[in-house]
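See below for the structure under consideration.
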Amino acid sequence: MSKGLPKRSEDYSAWYNEIVKRADLAENSAVRGCMVIKPYGFAIWEKMQGALDDMFKATGHQNAYFPLFVPKSFLELEEEHAEGFAKECAVVTHYRLKNNPDGKGLIVDPEAKLEEELIVRPTSEAVIWNSYKGWIQSWRDLPILINQWANVVRWEMRTRLFLRTAEFLWQEGHTAHATEQEAIEEAERMLGVYAEFAENWMAMPVIQGVKTPSERFAGAVETYCIEALMQDGKALQSGTSHFLGQNFAKSFDVKFVNKDNELEYPWATSWGVSTRLMGALVMAHSDDQGLVLPPKLAPIQVVIVPIYRAEEDLAQITAKVDPVINELRLLGISVKFDDDDKYKPGYKFAEYELKGVPVRLAIGMRDLENGTIEIARRDTLTKESRSIDGIAEYIRNLLDEIQQNIYDQALKFRDENTYIADSWDEFKELIDKGFVLAHWDGSAETEEKIKAETKATIRCIPLNSVEEAGEDVYSGKPSAKRVVFAKAY
RNA sequence: CGGGGCGUAGCACAGCCUGGUAGUGCGCUCGGUUUGGGACCGAGAGGUCGGAUGUUCGAAUCAUCUCGCCCCGACCA
């Protein structure tokens with residue numbers, strides 16, 4: 001029993017907020033809309049970063065870093081892009097403060113006004129393409145495959161920990177290519193990387209697809225995305241990859257000489273995932289006891305709780321588990337031995353469940369006599385007593401099994417909450433429950449009307465969708481395939 | 001940015017209506033007993049009641065203004 005954690009079924013939103021805070025992932029800061037990511041939460045993010053970074057490197061990308069500030073004149077060069085972000089930009093107008101001549105404190109020095117305002121980056125296409133102008137002259141300079149880990153700011157009216165904050169951490173890949181085909185392949189490749197990460201590391205099944213024009217990234221020709229289903233039946237866009245065409249190259253006047261000695265504009269992509277994935281991770285797997293972490297992303301994979309009365313007992317237990325700890329670490333498994341005497345075992349059990357530690361071992365004097373150890377799984381909340389001999393190997397396999405089970409559970413949930421709607425009545429009835437596959441006539445007008453009536457949006461047109469003649473669920477006009485509708489975060 | 005709510009100890013809240021000694025639980029400190037699912041007893045520490053102004057002999061309490069946060073909408077990764 002967790003004390004005071006709201007139940008998912010009663011108040012999903014409160015449940016989410018409480019888990020994030022109680023599991024020590026993050027908290028609201030004194031700065032409006034900005035969160036503090038706490039050590040335990042940041043450790044999970046670092047694991048995500050590590051896995052993603054390896055995958056980026058394995059696909060030929062290098063990391064670099066570009067400025068936090070974007071001169072306003074850069075941002076406005078790509079018109080659609082500028083329009084898309086204009087409403088949510090933080091703007092730096094001055095570079096100095098001074099003592100308030102009328103009293104205490106500081107005021108902005110009116111004489112320190114910048115000649116040109118600087119925008120705190122909401123995304124970095126503009127600064128990066130300004131740099132690429134100097135980097136690209138010949139087809140031999142291409143492709144450019146760059147990623148940056150950074151923070152960005154989007155002045156959101158309403159924020160929620162991890163899911164939507166005014167400042168967030170992310171990675172943004174920005175590539176330039178000699179041909180359209182190559183850039184499209186890159187955008188699709190990185191979407192695949194995201195899907196693989198979501199499924200193999202986060203244990204979260206995703207649908208890969210493309211956005212409709214109205215949901216596209218500002219300045220993109222095509223936006224690819226992965227969409228995941230959360231436990232309350234709402235969709236969460238978990239990563240995007242954009243084919244930017246030649247829009248940015250043209251806006252920033254970046255050209256290269258091709259093999260035929262002709263001037264051409266390079267083709268671009270950009271792609272990103274953010275700390276929003278932390279929110280996805282919480283909402284995809286956790287339960288009323290707290291967080292459930294997939295072993296591959298858990299900062300602590302195994303926790304050992306000793307149960308003892310006297311100091312001598314603890315010494316005996318420690319002597320018994322030390323070799324096990326070493327063995328587990330040699331297998332690359334992260335272990336915490338919690339011999340802190342501040343809390344009793346029951347408290348610790350509840351605490352590690354709240355924090356989502358995949359495997360918990362408990363060992364007391366009874367076990368020492370029997371040569372056993374108690375092993376508890378976070379995903380199933382089951383426990384069993386096993387011989388301590390060979391326990392490390394058993395745990396290694398168990399962690400794999402838990403990773404798989406968490407994925408299987410999430411996939412089962414998604415399958416059970418994915419519906420087919422062939423009439424408007426069906427659609428309206430099902431749309432609160434999860435993904436709804438329905439025919440769409442391809443018009444922005446119909447898309448907009450459906451959104452206005454139900455708050456549901458087209459999450460994506462799945463890449464693997466099959467051609468199937470049908471009628472639009474709303475307008476009745478002909479349609480060639482089904483798209484995925486859902487209410488979204 | 002519209003609608004609603006809330007600011008009182010580290011956290012969660014009561015007290016406010018009907019003005020008069022600032023409280024409860026958790027947490028914290030110390031001592032002791034405990035330890036196989038969130039232990040217990042005893043003793044302590046901790047507050048400019050978000051801020052400003054006003055009414056009053058007297059304001060956490062009433063009034064006006066202001067700042068901040070949360071929730072629900074519109075906008076969005």
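Lettering of chains follows the sequences in order, A, B, ..., and the numbering in each one begins at 1.
Ring-centre distance between His81(A) and Trp129(A): not below the 6.0 Å cut-off.
The phosphate of rG36(B) has OP1 or OP2 within less than 4.0 Å of a side-chain N or O from Lys344(A). Using a 4.0 Å cut-off, no side-chain N or O of Asn17(A) falls inside it from OP1 or OP2 of rC70(B). The shortest distance between the side-chain N/O atoms of Arg309(A) and the OP1/OP2 oxygens of rU34(B) is not below 4.0 Å.
Residues of residues 195-222 of chain A that place a heavy atom closer than 4.0 Å to RNA chain B do not occur.
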N/O-N/O pairs, protein side and nucleotides 8-13 of chain B side, under 3.5 Å:
none

Tabulate protein N/O versus nucleotide N/O from nucleotides 28-31 of chain B, keeping only pairs under 3.5 Å, one per line.
residue : atom : partner   : partner atom : Å
rC28(B) : OP1  : Lys342(A) : NZ           : 3.2

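Of the candidates rU35(B), rC75(B), rC70(B), rC70(B) carries the atom nearest the Asn28(A) side chain, counting heavy atoms from C-beta on.
Residues Lys211(A) and Gln237(A) have side chains that bring a donor and an acceptor to within less than 3.5 angstrom of each other.
Toward the 5' end of RNA chain B, the nearer of the two residues Glu374(A) and Phe162(A), judged by each one's closest nucleotide, is Glu374(A).
Nucleic acid contact class of Thr165(A) (heavy atoms, under 4.0 Å, all strands): base.
For the pair Trp15(A) CH2 and rC71(B) C1', the interatomic distance rounds to 19 Å; values are reported in whole Å.
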